[in-house]
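Some notes on the structure that comes next.
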Amino acid sequence: MKIKILSLLGFFLIFSSSLIFAQTNDKQILDKSVTPIKLKGYPVSPFKDTLFLVYTNVGSFSAKERANYISNKIKKLYEESFFEKDSVIIVPSDVSLDIVYKNDLVIMSVLKADANAENASMSFIAKRNLALIKRAIIYQNENYSQLPKRIGYTALLILIISLVLFLAGKLFNLLKKYIIKNKARYFKGVSYNSIKILSPQKQQFIFLRLFGFIKTITLIFIVYLSLPVLFSIFPATKEYTTTLLQWILTPAKSVLMGLVDFLPSLITIIVIIIIFRYALKLIKFFFYEIKSENIKIDGFYSDWALPTFNIIRLLMYAFMLVIIFPYLPGSDSSIFKGVSVFVGVLFSLGSSNAIANMVAGLVITYMRPFKIGDYIKIGDVSGEVIEKTALVTRIRTPKFEDITIPNATVLSSTSTNYSANTQQSTNGLLIHTTVSIGYDVPWTAIHKALIDAALKTEMIEKEPKPFVLQTSLDDFYVSYQINVYTKEPTKQPRIYSSLHQNIQDSFNAAGIEIMSPHYSALRDGNASTVQSDEKSNDKL
């Protein structure tokens, strides 16, 4: 019985101790769950010393990132050249209290989580941080102010810019004086073959104008590039630095990238130009050989060589331009196409007469009615051809008058070429003049007198001999036409003058009066117009 009692007593003691131990463990576990977890704080130290700590995260921003962000904002306020402490205020929002500068720059936000982390109210923490931020910035401005230093940097930079502008202007002036002093060496005029494009004086004038323009642009460029450096000294104007640089760098980058993108097309254009250039050289050589008659083609005259080459060259240039056009930058833009159409319409409307003259000039070239140096007659104009162009033909009359005739007029008028049959293998040009003599004079005497006069005339051909044609038998007289050959068509006025003088002398010697029968019948016994040798001597 005692054993049973002792056993029950032992069991009770063991159960009681187990129960006490279990309660003790539960209490310890409960105490551990209630103890708050301490968060790690990250310092906000824009000026090395810590102003306050940041404990909590906000969204994707960690506490450390928030601390760095707030430090950078405080530094930015310190860099403000004219900091206004009263402009730093607390602005409440729905979920936070924001510390803001000039209602624009948010320095930091105080959240409920920040207040719980420090066991204080949001208002307390916001006011404390505001006071610490103001005090730190004011202290730094009073002891480490950047304004005097920045003003000094500005003055020094302005001095350097002024010195650079002065030296650049001086250099340009020295260079200008040197060029003017040696103008005979540098300005010799501009000419192409025999065409004088610019005289030395005009070349010097254009160069000096261009030189002054380059000088002005250079000085403006120096000042413009200095402005970003000046603006970068003060934080308030630092944002203009990027803007000013972008105004230059953005177009320069666009141009550079455009050039880089254009390089493949440029190479293609250069290859096309080289191919066409050497093809034209080959064609030019071929046509010049035809012109010099080293190459002969049946039905193709040597004087057609250069006009044909010019036509082929124009067509090849047009074809080359058509091939190159798609490779030009901006060729596919609507503006480029509009300008092309406008120029085409303007050219077609404003140059109808010019095109008509060009077409007429082309037709005249292949008709070959005359060539340079020929003595011709177009309408009422007679003279030597001195120039043939695509638009006009120029003729110099025996009175040395240069007359310009549009090719369209030449093509629509009748032209007479006096030089076409004056080569060595032909008899020459047949010129003639007519005298009318009455029936009372034998025709044999008149023929002899006219032929004698023709043979005494200069610049006529002795073979074939001159001959006389009786062109009409009128009521009171007979018309006698003397015909002579000459190979000097450009000297027709002198030949006619000499022939008429010799006819007078020959008829006087033969006693034949060159007089209208009407006058002979009505002169009422007046003396004959034929001068005898005695009368001639008396007059002399």
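Just so it is clear, the model here is predicted, and its values are computed rather than measured.
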Taken in chain and number order and not counting sequence neighbours, the residues that satisfy side-chain contact (heavy atoms from CB on, under 4.5 Å) with Lys188 are none

NZ/Lys462: more than 12 non-hydrogen atoms of other groups inside 6.0 Å: yes

Table please: side-chain donor-acceptor pairs of residues 311-321 below 3.5 Å, with sequence neighbours left out.
| from | atom 1 | to | atom 2 | distance (Å) |
| --- | --- | --- | --- | --- |
| Arg313 | NH2 | Asn310 | OD1 | 2.9 |

Contacts satisfying ring pair (Phe, Tyr, Trp, His ring centres under 6.0 Å) that involve residues 399-436 (not counting sequence neighbours) are Tyr375-Tyr418

Residues 201-221 vs side-chain hydrogen bond (donor to acceptor under 3.5 Å, both in side chains), sequence neighbours excluded, gives Asn173-Lys215

ring-ring contact (aromatic ring centres under 6.0 Å, His included) filter on Phe309, not counting sequence neighbours, yields none

Hits for ring-ring contact (aromatic ring centres under 6.0 Å, His included) against Phe370, two or more places apart or cross-chain, chain-then-number order -> none

So CD of Glu461 and CG of Leu429: to nearest 0.5 Å the spacing works out to 10.5 Å

query: Within a reach of under 6.0 Å around CD of Glu65, are more than 12 heavy atoms found that belong to other residues, nucleotides or ligands?
result: yes

Can a donor-acceptor pair be found, under 3.5 Å and without considering hydrogens, that links the side chain of Asn72 to the backbone of Tyr69? no

Scanning both residues in full, the closest heavy-atom pair of Leu219 with Leu165 reads O-CD2, 3.7 Å

Contacts of Phe47 meeting ring-ring contact (aromatic ring centres under 6.0 Å, His included) (sequence neighbours excluded), chain-then-number -> Tyr78

Scanning both residues in full, the closest heavy-atom pair of Lys487 with Thr422 reads CD-O, 4.0 Å

The side-chain hydrogen bond (donor to acceptor under 3.5 Å, both in side chains) partners of Asp505 (sequence neighbours excluded) come to none

Exercise for review: Check for a donor-acceptor pair, side chain of Ser506 on one end and backbone N or O of Asn502 on the other, with a separation under 3.5 Å.
Suggested key: no

Applied to residues 261-286, the side-chain hydrogen bond (donor to acceptor under 3.5 Å, both in side chains) test, sequence neighbours excluded, yields none

Here the side-chain hydrogen bond (donor to acceptor under 3.5 Å, both in side chains) pairs for residues 392-404, sequence neighbours left out, are Glu387-Arg394, Thr393-Asn407, Arg394-Thr404, Arg396-Asp402, Thr397-Glu401

Taken in chain and number order and not counting sequence neighbours, the residues that satisfy side-chain hydrogen bond (donor to acceptor under 3.5 Å, both in side chains) with Glu289 are Asn294

Residues at least two apart in sequence or cross-chain that pass side-chain contact (heavy atoms from CB on, under 4.5 Å) with Lys465, listed by chain then number, are Glu463

